[in-house]
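Single-structure report; data block below.
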Amino acid sequence: LKEENAILRSKIHKLQMLSETQADKMRKLEKKLEENKIKEEKEAQDLEAMVQHVEQNLQLMTKRAVKAENSAAKLRQENALLQAELRNSKLENAALRAGQAGWAAAKQNAEVALQHLLQVTTSSRASIRQLLSGAESLQLVADLLKSIDRISEVSEDGQ
């Protein structure tokens with residue numbers, strides 16, 4: 001009975017040692033789990049902040065693109081009006097040439113119309129360049145948002 005008692009005490013001692021070892025492992029794993037949770041929360045917050053920043057930039061670029069499109073449309077209308085004015089001036093010029101009366105006035109009108117047309121053409125080109133720049137910026141933001149989605153997918157697969 002004493003021998004059996006000694007064996008049982010030895011087993012109890014071994015089990016207590018094993019229990020303490022497992023408890024230590026469990027505490028370490030719980031600590032590591034908590035650290036990982038904190039790290040993931042920070043990464044999620046950083047990602048959310050980046051997404052919000054990108055969304056703000058996208059809204060700003062969209063506003064710019066809309067403004068550029070409106071400006072380009074306005075300039076196209078003005079260009080069309082000036083071209084019509086130029087045609088009228090040319091017709092008037094031709095009529096005056098035929099009649100040889102008021103030649104200088106018609107020539108001056110044609111020159112003024114031509115100058116307006118050149119100014120509108122220059123402005124139109126600048127607005128179109130600005131519109132293209134805005135479109136490229138929007139494409140860049142769209143590509144960035146796609147890459148954020150891929151990062152999110154990789155993070156979810158890695159967990």
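We number each residue from 1, following the sequence as shown.
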Begin from the C-alpha positions of Lys37 and Glu34 and carry the test side-chain contact (heavy atoms from CB on, under 4.5 Å) through to its verdict.
CA-CA 5 Å; Lys37 281 183 184 178; Glu34 186 62 30; 4.3 Å; yes
Nearest atoms (heavy-atom pairs only) where Ser127 meets Leu75:
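For Ser127 versus Leu75, the nearest heavy atoms are OG-CD1, 3.0 Å.
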Between Leu138 and Ala65, which heavy-atom pair has the shortest distance, and what is it?
CD1-CB, 4.0 Å
So, taking the atom named [atom1] in [X] and the one named [atom2] in [Y], what distance separates them when rounded to the nearest 0.5 Å?
{"X": "Gln130", "Y": "Glu69", "atom1": "CD", "atom2": "CD", "result": "11.0 Å"}
{"X": "Leu145", "Y": "Glu55", "atom1": "CG", "atom2": "CD", "result": "7.5 Å"}
{"X": "Lys25", "Y": "Thr21", "atom1": "NZ", "atom2": "OG1", "result": "7.0 Å"}
{"X": "Leu118", "Y": "His116", "atom1": "CG", "atom2": "NE2", "result": "11.0 Å"}
{"X": "Asn5", "Y": "Arg9", "atom1": "CG", "atom2": "CZ", "result": "5.0 Å"}
{"X": "Leu114", "Y": "Asn109", "atom1": "CG", "atom2": "CG", "result": "12.5 Å"}

Arg125/Arg129 under side-chain contact (heavy atoms from CB on, under 4.5 Å): CA gap, chis, key distance, verdict:
CA-CA 6 Å; Arg125 286 183 179 148; Arg129 281 189 208 105; 4.1 Å; yes
Got Lys39 and Glu35 here, is their nearest side-chain heavy-atom distance under 4.5 Å?
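The answer is no; the side chains never approach within 4.5 Å.
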Evaluate side-chain hydrogen bond (donor to acceptor under 3.5 Å, both in side chains) for Glu40 paired with Asn36, printing each intermediate quantity in order.
CA-CA 6 Å; Glu40 286 178 13; Asn36 285 342; 6.0 Å; no
The single option from Arg76, Gln83, Glu78, Gln77 passing side chain to side chain contact (heavy atoms under 4.5 Å, CB included) against Val120
Glu78
Does CD in Glu4 sit with more than 12 non-hydrogen atoms of other residues, nucleotides or ligands closer than 6.0 Å?
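Open: at most 12 neighbouring heavy atoms sit under 6.0 Å from CD of Glu4.
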Just checking Glu3: does its CD atom have more than 12 heavy atoms from other residues, nucleotides or ligands closer to it than 6.0 angstrom?
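Incorrect, the count does not exceed 12.
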Using modelled atom types only, decide if a donor and an acceptor are shared between the side chain of Ser71 and the backbone of Lys67 within a distance under 3.5 Å.
no
Is [Y] reachable from [X] through a run of hydrophobic residues whose side-chain heavy atoms are each under 4.5 Å from the next?
{"X": "Leu58", "Y": "Leu47", "value": "yes"}
{"X": "Met61", "Y": "Leu140", "value": "no"}
{"X": "Val112", "Y": "Leu117", "value": "no"}

State whether a side-chain donor-acceptor pair under 3.5 Å links Asn88 with Glu92.
no
CA sep, side-chain torsions, deciding dist, call: Ser124, Thr121, side-chain contact (heavy atoms from CB on, under 4.5 Å)
CA-CA 5 Å; Ser124 296; Thr121 302; 5.6 Å; no
Answer yes when Lys42 and Asp46 have at least one side-chain N-carboxylate O distance shorter than 4.0 Å, and no when they do not.
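Salt bridge between Lys42 and Asp46, a charged N being under 4.0 Å from a carboxylate O: yes.
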Yes or no on side-chain contact (heavy atoms from CB on, under 4.5 Å) for Gln119 and Thr122, after CA distance, side-chain angles and deciding distance?
CA-CA 5 Å; Gln119 287 174 353; Thr122 302; 5.8 Å; no
